[in-house]
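Per chain, numbering begins at 1; letters A, B, ... match sequence-line order.
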Amino acid sequence: MASKRSSWQRTHTCGELTARHEGTEVVLNGWIENHRHHGQILFLDLRDRYGVTQVFCDQEVAGTVSGTFETLRRLGAEDVLSVRGTVRRREGDKINKNRSTGEIELVALQVTVLSEAETPPFEILDKAEANEELRMQYRYLDLRRRPLQEAMQKRARFVTAIRNYLQDNRFIDIETPILTKSTPEGARDYLVPSRVHPGKFFALPQSPQIFKQLCMVGGLDRYYQIARCFRDEDLRADRQPEFTQIDLEMSFVEEHDVLDMVEGMVIHGLREGFGIELPQPFPRFDFFEAMEKYGCDKPDLRFGMTLIDVTELAKKSDFKVFATAVATGGTVRGICAEGAAEKFSRKGIDELTAFVTGLGAKGLAWAKVTANGVEGSIAKFYEGDKGKELIAAMGGKPGDLLLFVADQKKIVLKALGDLRLKVGGILGLRDPKVFRCCWVLNFPMFEYNEDKGRWQFAHNPFSAPVDWDIQDFGKDTDQIRSRAYDFVMNGWELGSGSIRIHRTELQARVFEFLGIGKEQQRANFGFLLDAYKYGGPPHGGIALGVDRIVTLALGREGIRDVIAFPKTAMAYDLMAEAPGSVSAEQMAELQIVSTAKPQP
RNA sequence: GGGGGCGUAGCUCAAUUGGUUAGAGUACCGGACUGUCGAUCCGGUGGUUGCGGGUUCGACCCCCGUCGCCCUCGCCA
């Protein structure tokens with residue numbers, strides 16, 4: 001092995017040399033991170049993926065090849081270097097305690113300049129000082145920064161752990177088409193023109209959904225894929241036009257089979273990938289339960305402060321706002337912020353009030369719990385026993401802050417759900433180093449689209465209803481539940497799945513109910529409906545967003561921070577300058593004409 | 001598609017609210033320096049103030065348009 005190594009090639013990495021290598025002769029390769037010149041001696045910090053090692057050079061050291069000092073003297077940041085030298089132990093205050101390699105340095109004997117670098121457009125520092133636009137344009141330089149290196153390494157470790165777990169559980173890694181068919185439901189598709197079928201287009205998959213279900217019909221029994229998905233919608237900090245899912249599907253299962261399997265997978269993946277230990281089991285909430293307790297369908301379980309219904313108490317209240325809300329069919333609910341009375345001044349509460357009114361609430365009623373009762377905006381309506389009754393209902397104790405919203409239920413849940421997160425954030429209860437997972441089950445099957453004036457899928461066209469034998473989807477439509485579930489961590493929706501409809505007849509009736517006619521069914525999903533005619537097994541699965549999981553696990557700002565080559569919010573690749581123009585010949589070959597106005 | 005923020009030296013920012021030669025730190029270049037570790041000290045190079053137009057005696061600053069980046073609502077079955 002050693003004989004195959006060229007003289008300039010590294011024997012060690014920049015992260016592994018320690019005091020036990022003292023006296024050995026080694027070769028390191030890496031980038032110059034920093035250089036410090038002192039006349040007769042100089043120091044360099046040499047960086048690679050594994051760490052940073054200080055290189056020392058003295059004009060007069062025995063064994064130094066002539067010219068070594070002069071070469072190092074003229075080099076600068078980001079030049080790529082091979083250094084042969086001797087490992088020397090550092091003593092006393094020469095030790096750098098901030099580095100794993102800080103107890104040694106490499107005394108340079110001979111150097112080879114592997115590549116000289118122009119002054120980079122921004123400095124390669126752990127803390128990103130250059131703006132993100134510039135860093136995306138020179139992403140290959142940004143990738144040299146330790147936070148990105150860490151993200152890429154841990155992401156890979158996480159994905160590998162997931163693969164191992166699924167492999168060990170008899171899942172088969174199956175590739176599904178990237179060139180597939182557009183379906184009008186759901187997100188906007190990315191399209192690819194076909195040359196040999198002029199005027200026809202492939203679509204890039206929004207997810208491998210249909211194909212994984214066909215894998216079940218195909219008897220593959222347990223499928224998984226680390227799958228790239230594409231959606232042409234406007235972007236956010238947590239959305240990219242292409243993103244990665246852990247996609248899986250299982251045959252002959254019920255909800256708990258999928259949930260148990262995925263729970264084990266997530267625990268294994270976060271442990272192996274990031275050293276995170278998740279508390280088990282993950283609580284499982286019914287959709288309506290989650291809405292009632294947390295005011296949202298993706299509860300952040302890092303703290304309590306659940307929504308409490310005080311409608312019964314409000315009914316008999318002298319406080320008109322409460323009484324009126326109840327009398328007009330509304331509800332009154334509140335949250336109890338433990339020990340928060342001191343932390344919110346009148347001005348602070350005014351800000352919370354502005355926050356909830358911005359969400360559609362008419363106002364925010366508040367009360368600080370004291371030893372004697374309550375004080376605050378509603379105190380005069382809650383003197384004596386009434387106040388004690390309210391405090392008891394809210395589970396309050398002296399020093400707590402009670403916040404109430406009275407309105408129609410939908411508004412109350414939204415306002416308090418968001419307020420809970422905001423107050424929790426202000427009180428420091430949303431620690432990014434704490435991780436709490438849960439499941440939300442039995443989502444409504446349909447939701448009413450006001451604009452289009454019709455019902456549509458709330459989740460996924462293939463999710464089975466809780467009641468297999470349901471006959472009429474038009475009756476109490478908003479009460480119909482599907483066997484859909486979401487995986488949630490720290491208030492982020494990280495995965496979504498369901499038990500599927502595996503019977504042609506039921507699937508056809510769901511489509512019909514939504515006004516998707518026979519012809520359209522055939523055109524869009526014909527092959528899936530056909531497949532079920534030939535024996536589709538009961539099955540279900542889930543897809544989890546890899547980018548979001550990694551972002552959360554590493555405590556990063558957005559998913560761009562864990563994607564090697566991300567795009568901007570305008571779905572543009574600043575580095576590759578994609579999308580770009582194509583030649584008239586290419587357009588002609590595809591029989592495509594652009595109607596876009598030429599850009600100056 | 002709507003709302004908000006930002007755009008000044010390679011990079012990060014400032015410029016007394018419209019005033020005369022647009023500054024600082026850092027990077028870079030040169031010099032000094034035998035123990036630094038974001039070295040220090042001395043000196044130097046570096047500007048189409050995103051772009052186009054307008055108002056004004058005078059514009060980084062005000063107005064209109066435009067481009068780009070970020071956040072957000074809509075959207076994302």
Side-chain angles (χ1 to χ4, degrees), chain A residues 33-46 52-61 69 73-74 76-78 88 90-99 101-102 105 107 117-138 141 183-189 206-207 209-210 229-241 243 358-359 443-447 449-452 455-463 482 484 493 496 498 510-511 514 516 524-525 543 545 557-558 560 566-572 574 577 599-600:
Chain A
E33 178 153 290
N34 195 6
H35 52 115
R36 298 174 290 280
H37 296 171
H38 286 254
Q40 301 300 303
I41 63 169
L42 61 81
F43 302 91
L44 298 178
D45 292 329
L46 200 65
V52 177
T53 300
Q54 174 165 289
V55 174
F56 173 89
C57 191
D58 185 331
Q59 263 180 321
E60 312 271 322
V61 164
F69 185 85
R73 183 78 181 79
R74 70 173 174 82
E78 304 307 319
R88 178 163 75 188
R90 295 201 234 169
E91 305 286 346
D93 61 358
K94 293 176 188 169
I95 293 171
N96 184 344
K97 294 192 181 84
N98 301 320
R99 256 181 215 163
T101 60
E105 64 194 357
V107 180
E118 285 183 22
T119 303
F122 57 90
E123 296 173 68
I124 315 297
L125 303 169
D126 290 359
K127 185 176 173 296
E129 289 186 353
N131 75 46
E132 196 179 4
E133 186 175 356
L134 192 74
R135 289 188 286 116
M136 281 202 279
Q137 189 185 341
Y138 297 93
L141 296 181
T183 55
E185 293 286 334
R188 201 174 292 114
D189 285 315
Q206 295 175 26
S207 80
Q209 185 65 36
I210 293 175
C229 305
F230 306 86
R231 292 178 193 176
D232 185 7
E233 295 293 345
D234 288 345
L235 305 175
R236 293 284 189 287
D238 61 351
R239 302 200 314 231
Q240 281 273 297
F243 59 99
L359 294 167
F443 277 72
M445 188 141 169
F446 305 104
E447 64 190 12
N449 185 318
E450 302 284 351
D451 296 336
K452 294 176 186 166
W455 290 95
Q456 61 185 32
F457 298 111
H459 193 263
N460 169 316
F462 313 111
S463 296
S482 78
E493 182 202 317
S496 194
S498 65
V510 173
F511 282 136
L514 294 177
I516 300 171
N524 294 331
F525 312 106
E557 295 291 317
R560 286 190 302 269
K567 292 178 179 62
T568 69
M570 286 286 284
Y572 187 71
L574 288 165
E577 301 182 316
Q599 297 292 312

*Take nucleotides 26-35 of chain B nucleotide by nucleotide from the 5' end and write B, S or -, depending on whether a protein heavy atom sits under 4.0 Å from the base, only from the sugar-phosphate, or from neither.*
SSS----BBB
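In the interface, the side chain of A:R231 is not paired with the base of B:C76 through any donor and acceptor atom under 3.5 Å apart. The base of B:G7 lies outside donor-acceptor range of the side chain of A:N131, with no N or O pair under 3.5 Å.
A:R560 places no side-chain N or O within donor-acceptor distance of the main-chain N or O of A:T568, the cut-off being under 3.5 Å.
Aromatic ring orientation, A:W455 versus A:F446: perpendicular (interplanar angle above 60°, classes split at 30° and 60°).
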Could you tabulate the donor-acceptor pairs under 3.5 Å formed by side-chain atoms of residues 120-127 of chain A, not counting sequence neighbours?
unit_1	atom_1	unit_2	atom_2	d
A:D126	OD1	A:R146	NE	3.1
A:D126	OD1	A:R146	NH2	3.1
A:D126	OD2	A:R146	NE	3.2

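When Watson-Crick and G-U wobble pairs are counted only if both distances are under 3.5 Å, B:C76 pairs with no nucleotide at all. As the counterpart of B:U8, no nucleotide is assigned, since no Watson-Crick or G-U wobble pattern has both distances under 3.5 Å. Here B:G47 sits opposite no nucleotide as a Watson-Crick or G-U wobble pair (both hydrogen-bonding atom distances under 3.5 Å). Of all nucleotides present, none satisfies the Watson-Crick or G-U wobble test against B:U16 with each distance under 3.5 Å.
Straight-line distance from the CG atom of A:N449 to the P atom of B:C75: 8 Å, rounded to whole Å.
Closest contact between the side chain of A:Q456 and the listed nucleotides B:A77, B:G38, B:C11 involves B:A77.
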